[in-house]
Amino acid sequence: MEAAGAFRAKLLSWYRNVRRDLPWRRTPTDPYRIWISEIMLQQTRVAAVIPYYERFLSRFPNPLSLASAPEQDVLAHWAGLGYYSRARNLQKAASQMPGGEFPRTYDEIRALSGIGDYTAAAVASIAYGLPYAAVDGNVLRVIARVENDPGDIKSPKTRARFAAIADELLDRDQPGDFNQAMMELGATVCTPKNPTCLLCPVREECKGFAAGTQNQLPIKIRDGRTAEVHITVVIAERDDGALLLRPSKQLAGFWELPFDLAGVRDLERVGSFGHQITFRKYTCDVVRGRVGRKVPVGTEWVARERLAELPLTTISKKALRLVDR
DNA sequence: AAGGCGGGGTA
DNA sequence: TACCCAGCCTT
């Protein structure tokens, strides 16, 4: 099975077994109720939301009742949840629905006040089965680990890359369950600290687990601070002198020695060095090893003669300098 | 691209 | 204490 297919199948099967019984999961086709739950869940834990959810919905059961209520009344039902602009936007959005009819397309949903990319995708996929990947903090973390991608998740570039990956992984036949499964995984297994990888349904397709880097992912660079990243650079040389390389994800157009690579045999430690680039401080261990007849995905053998013509990243050059070539 | 917006749980 | 959380909006 294709890699994304295996990932989907395992994740969804796991989700059906372990999914928590949450109030909003009992009315999965009601866009209004899903919307309310998604807004409440923004930056707010499930446990904190539950008591508010039922209370709010019995007082404001549909868009019309919400739109016509006094703002004070809406705020009173929100008091304690925080981020009160959410409540104001909720009411504003309700008044943006003609006749109290909840919009039926992603673009219309996305245009409502207080709804961004994440919430629009969540509501569209869960309530209507539309194929949009919902990418929240959980999903960013899961993808960083599954892909073993050290990109800074604060940067729009990285987010765009992760969103594209989420879109590829998405199960287009059951996008709602898939999105919830990704978030459930992030919330219960692939947690920020001490993820329980031994209980993870997609451990075998996780490059971060294979490389042992899951605990330092995702990378989140903070203001004025540098993130320390530890990588293991692999030098694999073929008998004819060809070197195992891959295109760099960070530095488009450049090639690099693979690092944090699974499935390398006969490891021999070569040395280590430090490298600082913008806000990232790398500690690089360098190893020499052998790979199987089939090279790891994304890598390829590059003949010695071609090496001089290729732009190599500085980290790769420093690593190669450590061996006698 | 950066800052503001709440409150609570967790290591 | 610091981080983190089913983010979004404004500047």
Side-chain angles (χ1 to χ4, degrees), chain A residues 11 15 18-25 27-28 31 33-53 56 74-93 96 109-127 132-145 151-160 162-163 166 170 175-196 215-225 227-228 278-279:
Chain A
L11 179 69
Y15 177 64
V18 307
R19 68 195 287 251
R20 293 168 287 178
D21 178 27
L22 303 173
W24 42 91
R25 288 187 175 156
T27 57
R33 296 178 76 93
I34 297 299
W35 170 51
I36 301 296
S37 74
E38 289 299 339
I39 300 296
M40 286 186 170
L41 285 162
Q42 288 170 9
Q43 300 298 102
T44 310
R45 290 167 195 281
V46 165
V49 166
I50 290 177
Y52 284 85
Y53 178 76
F56 192 93
V74 178
L75 288 175
H77 282 76
W78 203 269
L81 262 188
Y83 283 114
Y84 297 98
S85 65
R86 291 186 295 176
R88 294 196 182 88
N89 279 331
L90 218 42
Q91 193 172 28
K92 192 168 167 189
Q96 292 165 345
I109 297 170
R110 176 66 179 80
L112 295 169
S113 294
I115 295 193
D117 292 343
Y118 162 76
T119 306
V123 174
S125 65
I126 296 170
Y132 292 89
V135 182
D136 71 340
N138 286 310
V139 176
L140 289 175
R141 184 171 59 253
V142 169
I143 290 179
R145 289 172 175 166
D152 170 21
I153 61 165
K154 300 287 264 187
S155 94
K157 260 186 84 169
T158 302
R159 287 184 181 236
F162 284 17
L170 179 69
D177 276 356
F178 179 87
N179 283 332
Q180 293 184 82
M182 287 286 276
M183 294 188 275
E184 190 90 345
L185 187 71
T188 63
V189 173
C190 198
T191 48
K193 291 179 183 172
N194 305 317
T196 50
N215 276 304
Q216 41 176 320
L217 294 172
I219 302 289
K220 197 178 297 188
I221 296 176
R222 310 204 173 328
D223 306 328
R225 290 198 224 174
E228 300 192 7
T278 36
F279 298 113

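To find a chain, count down the sequence lines: A is the first, B the second, and so on, and within it residues start at 1. Fair warning: this is a prediction, and the values are worked out from it, not measured in the lab.
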Does A:S113 reach a base, just sugar-phosphate, or nothing at all? Heavy atoms under 4.0 Å. sugar-phosphate

What is the nucleic acid contact for A:I34, judged by heavy atoms within less than 4.0 Å: base, sugar-phosphate only, or nothing? nothing

Residue A:R86, side-chain heavy atoms: nucleotide from B:dG6, C:dC9, C:dA6 that is nearest: B:dG6

Measure CD/A:Q43 against P/B:dG4 and give the value in whole Å, please. 16 Å

Separation between the P atoms of B:dG6 and C:dT11, rounded to whole Å: 16 Å

Do A:L217 and A:R141 come close enough that some side-chain heavy atom pair is under 4.5 Å? no

Closest to side chain of A:E38, choosing from B:dG6, C:dC5, C:dA6: C:dA6

Can a donor-acceptor pair under 3.5 Å be found between the side-chain atoms of A:R45 and the base atoms of C:dC4? yes

Same-atom distance (P) from B:dG3 to C:dA6, integer angstrom: 24 Å

N/O (side chain, A:K154) to phosphate O (OP1/OP2, C:dG7) under 4.0 Å: no

Whichever of A:K193 and A:G80 has its nearest DNA chain B nucleotide further upstream toward 5': A:G80

Quick check on DNA chain C: between A:A187 and A:I115, whose nearest nucleotide comes earlier from the 5' end? A:A187

Distance check, C1' atoms only: B:dG8 and C:dC9, in whole angstrom units. 23 Å

Do the side chain of A:N179 and the main chain of A:Y132 share a donor and acceptor less than 3.5 angstrom apart? yes

Give a yes/no on whether any side-chain N or O of A:T119 is located under 4.0 angstrom from OP1 or OP2 of C:dC8. yes

So, under a plain 3.5 Å distance rule, would you say the side chain of A:T44 forms a donor-acceptor pair with the base of B:dG7? no

Between A:E184 and A:R19, is the closest basic N to carboxylate O distance under 4.0 Å? no

Please give, in whole Å, the distance from C:dA6 P to A:R19 CZ? 17 Å

Do the side chains of A:D117 and A:V135 get nearer than 4.5 Å, heavy atoms only? no

Name the nucleic acid region contacted by A:D117, choosing base, sugar-phosphate or nothing; use a 4.0 angstrom heavy-atom cut-off, strictly under. sugar-phosphate

Along DNA chain C (nearest heavy atom to each residue), the more 5'-positioned of A:G114 and A:W24: A:W24

Between A:F56 and A:M40, is there a side-chain heavy-atom distance shorter than 4.5 Å? yes

Distance check needed: B:dG7 P versus A:I39 CD1, whole Å only. 18 Å

Hey, does A:T191 have a side-chain heavy atom less than 4.5 Å from the side chain of A:T196? no

Between P of C:dC8 and CG of A:L140, the distance in whole Å: 12 Å

From the candidates C:dA6, C:dC5, B:dC5, the one with an atom nearest any side-chain atom of A:K220 is C:dC5

Regarding A:R88, tell me which of base, sugar-phosphate or nothing describes its non-hydrogen contacts under 4.0 Å with the strands shown. nothing

Is there side-chain contact between A:L90 and A:W78, with at least one heavy-atom pair below 4.5 Å? yes

Roughly how many Å is it from CG in A:L41 to C1' in C:dA6, rounded to a whole number? 5 Å

Looking only at side-chain N and O atoms, does A:Q42 come under 4.0 Å of OP1 or OP2 in C:dA6? no

How many Å lie between NZ on A:K157 and C1' on B:dA1, as a whole number? 15 Å

Within this structure, what is the OH-to-P distance between A:Y83 and B:dG7, rounded to whole angstrom? 11 Å

Between A:P156 and A:Y84, which residue's closest nucleotide on DNA chain B lies nearer the 5′ terminus? A:P156

Identify which nucleotide among C:dC4, C:dC8, C:dA6 has an atom closest to any side-chain atom of A:P192, counting heavy atoms from C-beta outward. C:dC4

Could you give the CG-to-C1' distance, from A:N89 to C:dT10, as a whole number of Å? 12 Å

